[in-house]
Amino acid sequence: MSGSVWLPPGSRPDALPGIPRQRRRTPSWAQPDPVDELTERLDDFIAAAVHPDEIAALLESDGLSDDQIRERYGVKNSFALAETLYERVERRYPEPAGPPPDPWRIGLLGCLLRGVVFALPGLAYVLGAPLFAGPGDLGLPAGTVPLLAGALCGWTWNQGLAHRAYAWLGLGDRTAARRALLLGAPAGALLGSLVALAFAGSAAPAVVAFAAGQSCYLAAATVLLVMGRERLLLTALAPMATAAVLSLVQPLSEAARLAALLGSLAAVAALAVREVAPALKGEGGWSARLIALLPFGGPGTTAAPRLTGSLPYALFGQATGVLVLYAALGDVLAGEQHSAIAAPAAVALTLSMGPAEWLLHRFRSDSLAGLRSSGTARDFRRTTVLTVLQCLAAYLAALLALSLAASALWPHSPVPGGARLAGLLLLGVVLWTGLLLQSFGAVTAATAVCCAAALAQTLLLVTHTGDPHTAGLIVYGAAAVVQAGLVCALLGRATAHR
């Protein structure tokens, strides 16, 4: 043979039964079939081969030439002998030792903790409620516009920043991830504060200061969440959360409220600074360290991920943020409620992100198991469809329970009606299927659907077309149908489940 086939370690012929050598001639009537003998000796290897070329590689690595193969086994060459051996042995693929690797396995407790960490900062608005007094803009309660503008800006920026940091972590460069956060987090905090100031309108200076604090918190919390410091973030938020709960029972003084807010904010910021501080350590002077903070990485780093790769994730965060805010402000926009702080729908959606994350990982894990166990594409598609329906139903059940509990416990909150609950559940379908599409790598499609839904609902509200709850029901339903169709189109593709 003029060429050779590479064999992986452990599959060399010295680790397998030897190939029989030519023996002393015996009478033809007593001589066994050499191909049968070779088949018996190499049975395990042949049964595990996925293609005859693997067997041919083994034959060549043992030093068998085409002339020897023709003389001993009566076939043309190693490939012809390999095909004969391959046809004589039934396929038997041995299971790997130990449990198969599952990169999607994740603990439920950690996901639930992340959901709590996502929702806990909402208690800061309870402590800051006295600041939101006086007339508001655009028919909304006082202080709502700058707070929402700053929050949307922060969600957009930090979603893109988090993706970029995760991309660096995926490349194994933790230092570069810290550098991205060290540069991006302060920039996001500044940008959010400026946006809140630009939309201040008639809001009091205290509201603008609160919005700036909100932007700083979002930036610092992004650093801790990306670096996996959820427990530290929960500990830092404990003083603010405790004060907020106490204020619901007994009014607190303005000094106590301010101390709780600033104390937790300072703790979160200090923890974030400590987390990214190692990025400034390294060889060279301050100029070299500052160059290393540039978005493209700097000297000594691996190839940087594209900046444009984070843009769809940023837009997805903005679009879903708009949809959640509309769901939270539905009663206010409909004129049925006068306080933007009482938003149990937003609380339920935020808390549900913990179960949503766990169920998303559960679906990917079960799909991976189905990919190994299914014998045909139809069986695999049937398995994945059943799994995604089970996970989606479990998420909607959790969202419904959280919504009812939040409405029952939140002060002065109306009992949600059928239209509100239906809209909330449809929005849950949009959010969960959007995250699922992201995990499939179809982030552009999910972003396009959510952005279109957010734009459509904005136009309906600006033009005062119909009731806000009805408009939300239509928009969420359409987006849910489109994204469910995209998910169904990807379920049967094995490459989407990598």
Side-chain angles (χ1 to χ4, degrees), residues 113-114 116-118 120-121 123-124 127-128 150-151 153-169 172-197 208-243 258-301 304 310 314 317:
L113 177 62
R114 287 175 70 88
V116 172
V117 169
F118 292 154
L120 207 57
L123 292 175
L127 290 177
C153 177
W155 291 341
T156 305
W157 179 273
N158 291 306
Q159 189 83 357
L161 175 62
H163 173 265
R164 182 159 183 82
Y166 278 126
W168 279 117
L169 291 175
D173 197 336
R174 198 171 182 85
T175 300
R178 284 193 171 104
R179 288 170 179 165
L181 293 170
L182 182 58
L183 179 68
L190 178 61
L191 182 61
S193 301
L194 293 177
V195 169
L197 180 62
V208 179
F210 188 94
Q214 172 186 257
S215 298
C216 293
Y217 168 79
L218 290 174
T222 299
V223 173
L224 296 178
L225 289 172
V226 169
M227 304 306 293
R229 307 302 185 192
E230 292 90 350
R231 287 177 172 80
L232 288 178
L233 180 56
L234 184 63
T235 302
L237 291 174
M240 180 274 299
T242 303
L258 189 60
L261 288 171
L262 294 179
S264 286
L265 177 60
V268 174
L271 290 172
V273 170
R274 190 187 71 169
E275 191 62 35
V276 298
L280 289 175
K281 299 178 181 179
E283 298 180 358
W286 280 103
S287 59
R289 299 177 188 178
L290 290 175
I291 292 175
L293 294 178
L294 294 176
F296 46 78
T301 64
S310 300

Problem - Evaluation steps, side chain to side chain contact (heavy atoms under 4.5 Å, CB included), between L261 and F210 - result: CA-CA 9 Å; L261 288 171; F210 188 94; 4.1 Å; yes

Nearest heavy-atom neighbours spanning [X] and [Y]:
X	Y	value
L161	G184	CD2-C, 3.6 Å
Q159	A314	CB-CA, 4.2 Å
N158	A219	OD1-CA, 3.8 Å
A187	W157	CB-CZ2, 3.8 Å
Y166	L225	OH-O, 3.6 Å
G150	Q214	C-NE2, 3.9 Å

Starting at [atom1] of [X], measure out to [atom2] of [Y] and round the result to the nearest 0.5 Å.
X	Y	atom1	atom2	result
L127	L262	CG	CG	11.0 Å
L169	R178	CG	CZ	9.0 Å
L233	E275	CG	CD	11.5 Å
C153	L191	SG	CG	3.5 Å

Exercise for the section: Could you list the residues that satisfy ring-ring contact (aromatic ring centres under 6.0 Å, His included) with Y217, not counting sequence neighbours? Expected result: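 Partners of Y217 under the ring-ring contact (aromatic ring centres under 6.0 Å, His included) test: none.
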
Handout entry: Residues E230, L224; criterion side chain to side chain contact (heavy atoms under 4.5 Å, CB included); working and verdict
Key = CA-CA 7 Å; E230 292 90 350; L224 296 178; over 6 Å; no

Pairs under 3.5 angstrom only: tabulate donor-acceptor contacts from the side chains of residues 234-241 to other protein residues two or more places apart or in another chain.
{"residue": "T235", "atom": "OG1", "partner": "R231", "partner atom": "O", "Å": "2.9"}

Practice task
Starting from the C-alpha separation in whole Å, work towards a yes-or-no answer on side chain to side chain contact (heavy atoms under 4.5 Å, CB included) for L232 and M227.
Solution key: CA-CA 11 Å; L232 288 178; M227 304 306 293; over 6 Å; no

